[in-house]
Number of protein chains: 2
Amino acid sequence: MGASKLTDYTNEEITLARYAKALSHPARIAILNVLLQRNVCVCGDIVDELPLSQSTVSQHLKELKIAGLIKGDIEGASICYCINETEWSKAKEHFTKWFQLYDEMKSKCC
Amino acid sequence: MGASKLTDYTNEEITLARYAKALSHPARIAILNVLLQRNVCVCGDIVDELPLSQSTVSQHLKELKIAGLIKGDIEGASICYCINETEWSKAKEHFTKWFQLYDEMKSKCC
DNA sequence: AAATATAATCGTAATATTGCGATAGATATG
DNA sequence: CATATCTATCGCAATATTACGATTATATTT
């Protein structure tokens, strides 16, 4: 009856926040930009393109992998990273639809 | 000649990461959802809708305000928060265009 | 097998974030 | 003016993030 406090966040809120978190560091955006700009899958080249150490880049790659935005295929001694199309599309959809909610608002205030 | 290390991130990378950071917590997404769902500007109502204390909500509101995504108009003793249309559109554009870069890739790998 | 190259992981330090209660400031109401 | 309401800020604790060097694991050469 009384209690109107939300007990928790919705799945949609959590999902969106998780994608956003993956993109919340310039290094991770830069990594994805490298993957977007090159036709070929890069691996250690990413390290050379960023102002960060190998271990730090590897950590950022791990986070992007956990978020699902990239995948890494073992290619000999090196690893070929690239954007995960499925998850990329999902993230795109989530953001696009969410941002569009504003346009669908009937009455905007202030 | 040799050195190919990026000295720093691009403005675009920083901007995108900053927007993403503002959206990287479920509470902030939830706050924006409240503002998106209500026709009228809410103020302290946001606190009632979230599983967080008043001070914590206030802090999240501050971050959203710093990111520019919302603005707060003083309305008597309370404050009327709403989405900042200009910045919202900017963020939307940034994300949309960036996500679209994938579609514009000539050859996808892996 | 030894040496080399590549990338992940460990350990650690510095910093940032998150959350809350308590307090302060500003505005309304009696 | 006193009180109540609403929101921001302060102080603090717990946790998470970021970054790096050193090490480890795996694969490729020689």
Side-chain angles (χ1 to χ4, degrees), chain A residues 4-9 13-14 17-32 34-35 38 40-67 69-82 110, chain B residues 4-9 13-14 17-32 34-35 38 40-67 69-82 110:
Chain A
S4 63
K5 275 263 183 194
L6 229 70
T7 49
D8 220 343
Y9 304 111
E13 282 160 356
I14 292 167
R18 209 147 49 79
Y19 282 133
K21 190 160 203 168
L23 304 178
S24 71
H25 196 290
R28 291 194 286 274
I29 298 287
I31 288 173
L32 291 168
V34 172
L35 296 179
R38 302 210 182 198
V40 278
C41 285
V42 292
C43 16
D45 300 342
I46 299 169
V47 175
D48 297 330
E49 294 276 356
L50 297 188
L52 297 170
S53 74
Q54 182 267 319
S55 63
T56 304
V57 170
S58 190
Q59 235 173 274
H60 284 301
L61 284 169
K62 189 182 179 185
E63 285 179 61
L64 288 171
K65 209 158 37 171
I66 289 170
L69 292 171
I70 64 170
K71 55 183 175 180
D73 287 349
I74 297 168
E75 195 155 290
S78 57
I79 292 179
C80 170
Y81 278 106
C82 53
C110 297
Chain B
S4 63
K5 274 266 183 194
L6 229 70
T7 50
D8 217 344
Y9 304 110
E13 283 161 354
I14 292 168
R18 207 145 51 77
Y19 281 133
K21 188 159 204 170
L23 304 177
S24 72
H25 196 289
R28 291 195 285 275
I29 298 286
I31 288 173
L32 291 167
V34 172
L35 295 179
R38 302 213 180 195
V40 278
C41 285
V42 293
C43 16
D45 299 343
I46 300 170
V47 175
D48 297 329
E49 295 276 355
L50 297 187
L52 295 170
S53 74
Q54 181 267 319
S55 62
T56 304
V57 170
S58 191
Q59 235 173 273
H60 284 301
L61 284 168
K62 189 181 178 184
E63 284 178 62
L64 288 171
K65 210 158 37 170
I66 289 170
L69 292 171
I70 64 170
K71 54 184 176 178
D73 288 348
I74 296 167
E75 196 155 288
S78 57
I79 292 179
C80 171
Y81 279 106
C82 52
C110 295

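Quick caveat, the model's predicted, so the values are computed rather than measured. So you know, we letter chains A, B, ... as the sequences are listed, proteins then strands, and number each from 1.
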Roughly, in whole Å, what's the span from [atom1] in [X] to [atom2] in [N]?
X: L23(A); N: dT17(D); atom1: CG; atom2: P; answer: 15 Å
X: I66(A); N: dA16(D); atom1: CD1; atom2: P; answer: 14 Å
X: L64(A); N: dT18(D); atom1: CG; atom2: P; answer: 11 Å
X: D48(B); N: dC6(D); atom1: CG; atom2: P; answer: 9 Å
X: I74(B); N: dT5(D); atom1: CD1; atom2: C1'; answer: 15 Å
X: I31(A); N: dT18(D); atom1: CD1; atom2: P; answer: 11 Å
X: E63(A); N: dA7(C); atom1: CD; atom2: C1'; answer: 16 Å
X: I70(A); N: dA8(C); atom1: CD1; atom2: C1'; answer: 13 Å

Considering only heavy atoms from C-beta outward, does the side chain of [X] approach that of [Y] to under 4.5 Å?
X: D45(B); Y: V34(B); answer: no
X: I14(A); Y: I29(B); answer: no
X: L52(B); Y: H60(B); answer: yes

Could you tell me whether I74(A) atom CD1 has more than 12 heavy atoms of other residues or ligands within 6.0 Å of it?
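At most 12 heavy atoms, drawn from other residues, nucleotides or ligands, come within 6.0 Å of this atom.
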Listing request: all salt bridge (Lys or Arg N to Asp or Glu O under 4.0 Å) pairs with a residue in residues 52-64 of chain B, at least two apart in sequence or in separate chains.
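Every pair satisfying salt bridge (Lys or Arg N to Asp or Glu O under 4.0 Å) with a residue in residues 52-64 of chain B: R28(B)-E63(B).
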Is there a side-chain contact between K21(B) and the phosphate of dT17(C), meaning an N or O under 4.0 Å from OP1 or OP2?
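Yes, K21(B) has a side-chain N/O under 4.0 Å of OP1/OP2 on dT17(C).
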Is there a side-chain contact between H60(B) and the phosphate of dT17(C), meaning an N or O under 4.0 Å from OP1 or OP2?
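Result: no.
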Does any N or O in the side chain of S58(B) come within less than 3.5 Å of the main-chain N or O of S55(B), such that one atom is a donor and the other an acceptor?
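Here the side-chain-to-backbone pair does not exist.
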From CG (L23(A)) to CG (L69(A)), nearest 0.5 Å:
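Interatomic distance, L23(A) CG to L69(A) CG, rounded to 0.5 Å: 6.0 Å.
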Atom pairs, N/O to N/O, protein against nucleotides 7-12 of chain D, distance under 3.5 Å?
{"residue": "dT7(D)", "atom": "OP1", "partner": "G44(B)", "partner atom": "N", "Å": "3.0"}
{"residue": "dT7(D)", "atom": "OP1", "partner": "I79(B)", "partner atom": "N", "Å": "3.2"}
{"residue": "dT7(D)", "atom": "OP2", "partner": "G44(B)", "partner atom": "N", "Å": "3.1"}
{"residue": "dA8(D)", "atom": "OP1", "partner": "Y81(B)", "partner atom": "OH", "Å": "2.2"}
{"residue": "dA8(D)", "atom": "OP2", "partner": "S58(B)", "partner atom": "OG", "Å": "2.7"}
{"residue": "dA8(D)", "atom": "N7", "partner": "Q54(B)", "partner atom": "NE2", "Å": "2.9"}
{"residue": "dA8(D)", "atom": "N6", "partner": "Q54(B)", "partner atom": "OE1", "Å": "3.0"}

Regarding E75(A), tell me which of base, sugar-phosphate or nothing describes its non-hydrogen contacts under 4.0 Å with the strands shown.
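The answer is nothing, as E75(A) stays clear of every strand by at least 4.0 Å.
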